[in-house]
Amino acid sequence: MNSASDNPLFRIADFSVMYPGATPLSHLDLTIRPHEITCILGKSGCGKTTLLKALGGFIAGNAGGGIFFDGDRLTGPNRHSVMIFQENNLYPWLTVKGNVAFGLRFSAPGLSRQQRDKRVGAMLETVGLTESAGRYPHQLSGGMRQRTAIARALVADPRVLLLDEPFSALDISLRRRMQGLLGQLWRETRMSMVMVTHNIEEAITVGHRIIVMGGQPAAILLEQDTGAAEFGDRYSNAFLQLQQHIESIIY
Ligand SMILES: Nc1ncnc2c1ncn2[C@@H]1O[C@H](COP(=O)(O)OP(=O)(O)OP(=O)(O)O)[C@@H](O)[C@H]1O
């Protein structure tokens, strides 16, 4: 997936986060490569969301280390990264189309109404929501809501998509369809994505690289490339062996 000349997208160096009563990350070192889907796995409470929020610039680390995005120290949220949460990503008072158009408001404020409508329309088509453009979030299924959230994130043309258990509220068939959609979007854009998930199968299926965290404070227990074709088949030996291996590490 990567080549030796690729610089890291994120370099997490000697990075620590202390909350009152918890120190999920302490002197953590890790790199995240560009143009890959990196999946982060680990036991509940080990610091996955903390790390993801820090990558989005929403959490500053304690003095000493830092996070470097494209070589520059991250000092706060920037327009290059967009985060999608498990639920409640949408504005309830806006339609699907309005929510997606909102994604352009700050990233491309100079667009004419026509240009904006064109981009929003194309994005709605990509995620299969053209027919539902006029509906409000409460009129959508969970999968449609997450597709709207993905469309809103992608319409802004970010370089990085940060996803925090985006499909965990969905049933298994919808979840698999959403995994397929994410893969399709990646093939079309080669966008860098970092996804936190509890689901080992999902991480192996969707990810090109898996990072397993564990312990308190969290250490990196495993880094594994999973871009090879054998990991695309959830019944292959390689897939099942890796799934068991990760299970044994986490639990
Ligand atoms: N704002 C906060 N204030 C105090 N402690 C916090 C805060 N946010 C998280 N924590 C604590 O930090 C630790 C790591 O939390 P985090 O949400 O990053 O874990 P996680 O691996 O994403 O968990 P889960 O898989 O359950 O979502 C936990 O012990 C949590 O209770």
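Remember, it's 1-based here, ligands and their atoms both numbered in the order they're listed.
Side-chain atoms of R145 do not come within 3.5 Å of backbone N or O of L90 as any donor-acceptor pair. Judged by distance alone, the side chain of S236 and the main-chain N or O of E230 form a donor-acceptor pair under 3.5 Å. Without hydrogens or angle criteria, H80 side chain to R159 main chain gives no donor-acceptor distance under 3.5 Å. A donor-acceptor contact shorter than 3.5 Å is absent between the side chain of Q244 and the backbone of Q241.
Where the criterion is an N or O separation shorter than 3.5 Å, residue side chain and backbone included, P20 fails it with respect to ligand 1. Between T50 and ligand 1, at least one N/O pair is under 3.5 Å apart. Residue contacts with ligand 1: P24 is placed with no nitrogen or oxygen under 3.5 Å of a nitrogen or oxygen of the ligand (distance criterion only). Considering backbone and side-chain atoms together, A22 places no N or O closer than 3.5 Å to any N or O of ligand 1.
Of all protein heavy atoms, the one lying nearest to atom 4 (C) of ligand 1 is Y19 CB, 3.3 Å. Looking only at protein heavy atoms, the nearest one to atom 19 (O) of ligand 1 is G47 N, 3.2 Å. Looking at atom 25 (O) of ligand 1, its nearest protein heavy atom turns out to be K48 NZ, 2.7 Å. Regarding atom 26 (O) of ligand 1, its nearest protein heavy-atom neighbour is S44 OG, 2.6 Å. Annotation: atom 23 (O) of ligand 1 to nearest protein heavy atom, G45 N, 2.8 Å. Distance from atom 17 (O) of ligand 1 to its nearest protein heavy atom, with residue and atom name: T49 CB, 3.7 Å.
The pair D225-R33 meets the salt-bridge criterion, with a side-chain N (NZ, NE, NH1 or NH2) lying under 4.0 Å from an Asp/Glu carboxylate O. No salt bridge links E202 with R234; every basic N to acidic carboxylate O contact stays at or beyond 4.0 Å.
Contacts with ligand 1 closer than 4.0 Å are made by side-chain heavy atoms of H198 only, the backbone lying farther away.
A donor atom on one side chain and an acceptor atom on the other are found under 3.5 Å apart for D164 and T49.
The aromatic rings of H138 and Y136 lie parallel to each other, with less than 30° between the two planes, well short of the 60° mark.
At least one heavy atom of E165 sits closer than 4.0 Å to an atom of ligand 1. No heavy atom of G42 sits closer than 4.0 Å to any atom of ligand 1. In this structure, Q216 falls outside the shell of residues with a heavy atom less than 4.0 angstrom from ligand 1. Using a 4.0 Å heavy-atom cutoff, K53 is absent from the residues neighbouring ligand 1.
Within a 4.0 Å radius of atom 6 (C) of ligand 1, the protein contributes one or more non-hydrogen atoms. Of the protein's heavy atoms, none falls inside 4.0 Å of atom 31 (O) of ligand 1.
When side chains are defined from C-beta on, V160 does not count as touching M193, because their heavy atoms never get closer than 4.5 Å. You'll find the side chain of V17 stays beyond 4.5 Å of the side chain of T23, heavy atoms only.
Cation-pi contact between R11 and F68: present, with separation from the ring centre below 6.0 Å and deviation from the ring axis of at most 45°.
Every atom of ligand 1 with a heavy atom of K43 under 4.0 Å away is listed here by number and element: 21 (O).
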